[in-house]
Student: 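Quick one: this structure, given as structure tokens, is what I'll be asking you about.
Each chain gets a letter, A, B and so on, in the order its sequence line appears, and its residues count up from 1. For the numbers below, each heavy atom of this structure counts, side chains included, while hydrogens, waters and symmetry mates do not.
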There are 2 protein chains.
Amino acid sequence: MWFPPACEEGSKGLVQSGVLIDKTTIMTKAPDHQNPAKSPKPASITAVARHAGVSIATVSRIMNGIVNKSSPATQLRVKAAVEELGYRPVTHGQSLRRGESRVVSIHAVNLANPTMAAIAASAETALREAGYTMVLCDTHDQPDLQDTTLLDMRAHLVRGYVLLGTIDSAQLAQFQNHREALLYVNRRPHGATSTPDDFVGIDNKAAGAAVATYFKQRGLHHCGLIHGALHSPATSDRVDGYTGTLSETGQGLNPRHIFAGQGLNHLQIGYDGITDLLQKGALPDALFCSSDLIAYGAHRKLSELGIQVPRDIVLMGFDDNPLNDWIAPWLNSVSVPYPKFGQAIVTGLEAIWNRGDRGAQILPFTIVERA
Amino acid sequence: MWFPPACEEGSKGLVQSGVLIDKTTIMTKAPDHQNPAKSPKPASITAVARHAGVSIATVSRIMNGIVNKSSPATQLRVKAAVEELGYRPVTHGQSLRRGESRVVSIHAVNLANPTMAAIAASAETALREAGYTMVLCDTHDQPDLQDTTLLDMRAHLVRGYVLLGTIDSAQLAQFQNHREALLYVNRRPHGATSTPDDFVGIDNKAAGAAVATYFKQRGLHHCGLIHGALHSPATSDRVDGYTGTLSETGQGLNPRHIFAGQGLNHLQIGYDGITDLLQKGALPDALFCSSDLIAYGAHRKLSELGIQVPRDIVLMGFDDNPLNDWIAPWLNSVSVPYPKFGQAIVTGLEAIWNRGDRGAQILPFTIVERA
DNA sequence: TCAGGAAAGGTAATCGTTTTCCTATTTTCG
DNA sequence: CGAAAATAGGAAAACGATTACCTTTCCTGA
């Protein structure tokens, strides 16, 4: 199980070069190497109370807007003291007493992915405006790292956990059972245990279907597909919607026009995908890539081969990176309103906390045509 | 000054529709709308102590690796209890008692900028591995937001403040005076008050100079420049190094080949820059853009005009976005080792905390030639 | 034999808040 | 006028951890 670094198996605690060191020794040495001009401690509620000549209870009540427990005159005096001393309640004292903090943690599968980073950025702003603080964790798509971060954040008494992409993990299941405030963004969890109420994202299946319809409308009949790991329900939904709609229209999807990639490096997946499709035969007229990064990788390989986009092949990405307008004017893409995710996350979390009802936020997507 | 939302001017505290509501009323109502299967509280140190039949002091000592205050048998018993109950110390209790937490805050000027996001991502990993938790704040390049976030984070008892780009602000000056643990990344602060020891980044002036040298070596004599807001010392250093070296070689920089942009939207700056340079006369042979995004914007405009890169004009960006290899193979760029910034930030912070000495980390840059 | 130290571990203060009880002092109103 | 109710505010108990200080027991060596 888990133990703090200080008492790990390997370390012998405070044993140094064979000699047991009493903690006291260390503490009495500590003040020595402290820098001289140490920052003066910020004012605490006690200081404010003393300064205003009231009890800390009164200060606390006034800070919390409880208006019917003190006279207006007292309130003025206290507020003056607060300003004079620059007092701000230390959140740890509050959280400890209240048993919960105003911190929300975000657990992202891969912050190197610009899309994840964009969602995190949007969440930061929305959370801050709603009065929350954001802690950001990168799970690197590893179940045990996800577990570690979840437990760490619980130790921080965070009020909600936002999962920006998820993998199944032991602790996640525990958290679900314990009814912790979990909000899934973009990727639903695998287990069917959780309600569909705790999701923020788009309807990926509909988006995949829309891509197929778009290709058909443009008269493109030989459709291909390069996608990332299917263990992500977001990806598999997109793929299902796309292939489903293609087979409904009768034409279906030639297996030789499909490449299934793996791993986090979508750029490489796209690059390898083109290589693979060519090996298996001719390229399709239209190619759906389950992310923009995959499309970039594919485009790179196509350029190297002298194949022109969109003259020779039409590409459709997913996510619509804001840079596309500037550096990928050849790329169509399914645009997901990521800048709006932040607000949706806040709304979703508040719905979960209040258990009013539906916290689910299904946002609209659009297809951006550039080619 | 600052007051918590609950006691803002506008709000009348707990007055609702003209009726004063006693806090008690609310609290007694609260349990009603709590969801039935509320998560059971995680085990506290008291629970562990009871379970193991020892005092909480002993549990605490064992958790902290103080090995000479309890028998091996007791230690085993306690560790067993810890595992059985899944105990993890609540950080707020620890921070409150110790007067400091293991949280580090990052204040970024603009998280929408992929470079900032990349640094934040790298910092997250390095901090986590070193046992710290990262809180991320976006200051949107506004002094008052920077002030707000700094004060917020102090209320969180954070142990260090990492400024990912800075603007001058009142609180920042205060924090400097109070010798708080501030670490500047990429952009030094304006005020000369701070030591140069608290900086992580590259030598921007040398980098600007290197670009000039590179252009000269390639025999490009008509050099241009498009840069962002000069109030960022990082930008002005780059510009100084570039122009300085150009004038040393005697050729100098034609003022008609310079465009000075403003604001956060670097893409637009690049686009507008080309328009401006053309209005002022002919384009240079080589163009230094003070960020990759500016280069993207410039390239877009050039493409629209049918001007080819690098045949007609050589571009040099800055930062070397990892996507460049894939989507901007026409762009040379000054590569900054952002993935290494995370570790450098941790090293720098630890140097500040221990005041051993220099926390400054000047990392190497390289010029990546693609065109 | 016994002074003194080490070993093992408990008690209680403390960090900064919130909130439940209290206790006075006014007000209100019949 | 007097009882009930409201107002204003204080005292103290939590919340979960750390640590200075104390107590007990056992062992060592002069």
Side-chain angles (χ1 to χ4, degrees), chain A residues 4 6 14 19-20 22-28 30 41-50 52-75 77-78 85 87-102 154-157, chain B residues 4 6 14 19-20 22-28 30 41-50 52-75 77-78 82 87-102 154-157:
Chain A
L14 288 175
V19 182
L20 279 179
D22 191 327
K23 210 58 191 300
T24 321
T25 321
I26 291 182
M27 290 315 294
T28 45
K41 283 214 166 164
S44 73
I45 197 173
T46 318
V48 176
R50 198 161 26 228
V54 296
S55 73
I56 60 168
T58 301
V59 177
S60 173
R61 283 190 284 249
I62 292 174
M63 291 302 286
N64 288 289
I66 297 178
V67 93
N68 57 343
K69 282 292 197 179
S70 53
S71 70
T74 308
Q75 284 168 40
R77 216 149 27 97
V78 168
L85 301 177
Y87 168 65
R88 282 204 167 197
V90 166
T91 56
H92 289 45
Q94 299 180 301
S95 322
L96 200 51
R97 178 59 228 247
R98 294 185 173 144
E100 70 178 15
S101 72
R102 286 186 75 82
R154 181 157 71 186
H156 277 275
L157 301 178
Chain B
L14 288 175
V19 182
L20 280 179
D22 190 327
K23 213 47 191 309
T24 321
T25 321
I26 290 181
M27 290 316 294
T28 45
K41 283 213 166 165
S44 73
I45 197 173
T46 318
V48 175
R50 199 161 26 228
V54 297
S55 73
I56 60 168
T58 301
V59 177
S60 173
R61 284 190 283 251
I62 292 174
M63 290 302 285
N64 287 291
I66 297 178
V67 91
N68 58 341
K69 282 291 195 178
S70 53
S71 69
T74 308
Q75 285 168 40
R77 219 150 23 99
V78 168
V82 165
Y87 168 66
R88 281 202 167 198
V90 165
T91 56
H92 290 45
Q94 299 180 302
S95 322
L96 200 52
R97 178 59 227 252
R98 303 208 245 237
E100 71 178 15
S101 71
R102 286 186 74 82
R154 180 159 70 186
H156 276 276
L157 300 177

Student: Are side-chain heavy atoms of A:Asn64 and A:Ser60 found at a separation under 4.5 Å?
Tutor: yes
Student: Can you pull every protein N or O that's under 3.5 Å from an N or O on nucleotides 9-16 of chain D?
Tutor:
from   : atom 1 : to      : atom 2 : distance (Å)
D:dG9  : OP1    : A:Thr74 : OG1    : 2.7
D:dG9  : OP2    : A:Ser71 : N      : 2.7
D:dG9  : OP2    : A:Thr74 : OG1    : 3.0
D:dG9  : O6     : A:Lys69 : NZ     : 3.4
D:dG10 : OP2    : A:Ser55 : N      : 2.7
D:dG10 : OP2    : A:Ser55 : OG     : 2.7
D:dG10 : OP2    : A:Thr58 : OG1    : 2.9
D:dG10 : N7     : A:Arg61 : NH2    : 3.0
D:dG10 : O6     : A:Arg61 : NH1    : 3.1
D:dC15 : O2     : A:Arg97 : N      : 3.2
D:dG16 : N2     : B:Gly93 : O      : 3.1

Student: Sub-3.5 Å donor-acceptor pair from the side chain of B:Arg77 to the main-chain atoms of B:Ala52, do we have one?
Tutor: yes
Student: Side-chain contact, heavy-atom cut-off 4.5 Å: A:Arg154 with B:Pro42?
Tutor: yes
Student: D:dT18, OP1 or OP2 - any side-chain N/O from B:Asn64 closer than 4.0 Å?
Tutor: yes
Student: Any sub-3.5 Å donor-acceptor pair from B:Ser101's side-chain atoms to B:Ser95's backbone N or O?
Tutor: no
Student: Can you tell me how far C1' of C:dT17 sits from CD1 of A:Ile62, to the nearest Å?
Tutor: 15 Å
Student: Starting at atom CD1 of B:Ile66, determine the distance to atom P of C:dA8, rounded to an integer number of angstrom.
Tutor: 14 Å
Student: Atom CD of A:Glu100 and atom C1' of C:dT19: how far apart are they, to the nearest Å?
Tutor: 15 Å
Student: Using the six-membered ring wherever Trp is involved, compare the ring planes of B:His156 and A:His92 and label them parallel, tilted or perpendicular (cut-offs 30° and 60°).
Tutor: perpendicular
Student: Answer whether the closest heavy-atom distance between the side chains of A:Pro89 and A:Ile45 falls below 4.5 Å.
Tutor: no
